[in-house]
Amino acid sequence: QVQLVESGGGLVQAGGSLRLSCAASGRTFSSYTMGWFRQAPGKEREFVAAISRSGGRTVYADSVKGRSTISRDNTKNTVDLQMNNLKPDDTAVYYCAGGTTLLDYGLGRRSYDYAYWGQGTQATVSS
């Protein structure tokens, strides 16, 4: 089992950047695929990005591709999401998630692919 705690959210102007971080407890962090999801008010939770256990493979939602980078450090049990050129539509609560899913064949992009979730961190982008 792993416990996840997000940080790094805040208020930023459009065009700015945020770096979200997720700290994981437990000794088996490197056993989990890690993902970031977000949920805007009145909308369903949506996939943002995911990274494989080794960090060798990453996948992104089209809405953030080219503007975001997911990375992980298995020695520190952390996974980060760097988001650049932020838009008001990026405003949401961002959640870190961990699971045993693979990232092949379209897997790893749905909430139910992940068993462990953080409490979320709010990111607000003003226009």
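Please read all numbers here as calculations on a predicted model, not as lab measurements. Below, each value reflects all heavy atoms present in this structure, side chains not excepted, and no hydrogens, waters or symmetry copies.
Once rounded to the nearest 0.5 Å, the distance linking CG of Leu11 with OG1 of Thr124 reads 6.0 Å. Taken to the nearest 0.5 Å, the NZ atom of Lys76 stands 12.0 Å off from the CG atom of Asn74. With values rounded to the nearest 0.5 angstrom, Lys87 atom NZ is found 14.0 Å from Ser127 atom OG. Rounding to the nearest 0.5 Å places OH of Tyr95 at 13.0 Å from CG of Leu20. The distance from the CD atom of Gln122 to the CD atom of Gln39 is 11.0 Å, given to the nearest 0.5 Å. Rounding to the nearest 0.5 Å gives a distance of 7.0 Å between OG of Ser30 and CZ of Arg72.
In this model, a donor atom of one side chain and an acceptor atom of the other lie less than 3.5 Å apart for Asn84 and Gln82.
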Could you walk me through whether Cys96 and Trp36 pass the side-chain contact (heavy atoms from CB on, under 4.5 Å) test, one step at a time? CA-CA 5 Å; Cys96 175; Trp36 284 95; 4.1 Å; yes
Output, in order, the C-alpha distance, side-chain angles, deciding distance and verdict of side-chain contact (heavy atoms from CB on, under 4.5 Å) for Leu81 and Ser68. CA-CA 7 Å; Leu81 181 68; Ser68 298; 4.2 Å; yes
Derivation of the salt bridge (Lys or Arg N to Asp or Glu O under 4.0 Å) call for Asp62 and Lys65: CA-CA 5 Å; Asp62 289 343; Lys65 192 176 296 182; 3.3 Å; yes
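Without hydrogens or angle criteria, Gln119 side chain to Glu6 main chain gives no donor-acceptor distance under 3.5 Å. Put simply, the side chain of Tyr60 gets close to the backbone of Ile70: a donor and an acceptor are under 3.5 Å apart. In this structure, the side chain of Arg38 does not engage the main chain of Ala123 through any donor-acceptor pair within 3.5 Å. Between the Ser25 side chain and the Gln3 main chain, a donor and an acceptor come within less than 3.5 Å of each other. Between the side chain of Thr91 and the backbone N or O of Val125, at least one donor-acceptor pair lies under 3.5 Å. Side chain of Thr33 to main chain of Thr101: a donor-acceptor pair is present (N/O by atom type, distance under 3.5 Å, no hydrogens or angles). In terms of modelled atom types and a separation under 3.5 Å, the side chain of Arg67 and the main chain of Asn85 share a donor-acceptor contact. Judged by distance alone, the side chain of Arg109 and the main-chain N or O of Ala50 form no donor-acceptor pair under 3.5 Å. Formation of a donor-acceptor pair under 3.5 Å by the Arg110 side chain with backbone atoms of Gly106 is not found in this model.
Taking hydrophobic clusters as Ile, Leu, Val, Met, Phe, Trp and Tyr residues chained together by side-chain heavy-atom distances below 4.5 Å, Tyr94 shares a cluster with Ile51. Grouping the Ile, Leu, Val, Met, Phe, Trp and Tyr side chains by contacts below 4.5 angstrom, directly or via other members, places Val93 apart from Met83. Note on Trp117 and Met34: separate hydrophobic clusters, where clusters join Ile, Leu, Val, Met, Phe, Trp and Tyr whose side-chain heavy atoms are under 4.5 Å apart, directly or indirectly. Cluster membership check: Leu18 shares its hydrophobic cluster with Val48, using side-chain heavy-atom separations under 4.5 Å among Ile, Leu, Val, Met, Phe, Trp and Tyr. Hydrophobic clustering keeps Leu4 apart from Phe37 (ILVMFWY residues linked when any side-chain heavy atoms are closer than 4.5 Å, directly or through intermediates).
For the residue pair Leu103 and Tyr114, the shortest heavy atom distance occurs at CD2-OH, 4.3 Å.
Around atom CZ of Arg53, no more than 12 heavy atoms belonging to other residues, nucleotides or ligands sit under 6.0 Å away.
Inter-residue side-chain proximity for Ser71 and Arg19 is flagged as met; some heavy-atom pair is nearer than 4.5 Å.
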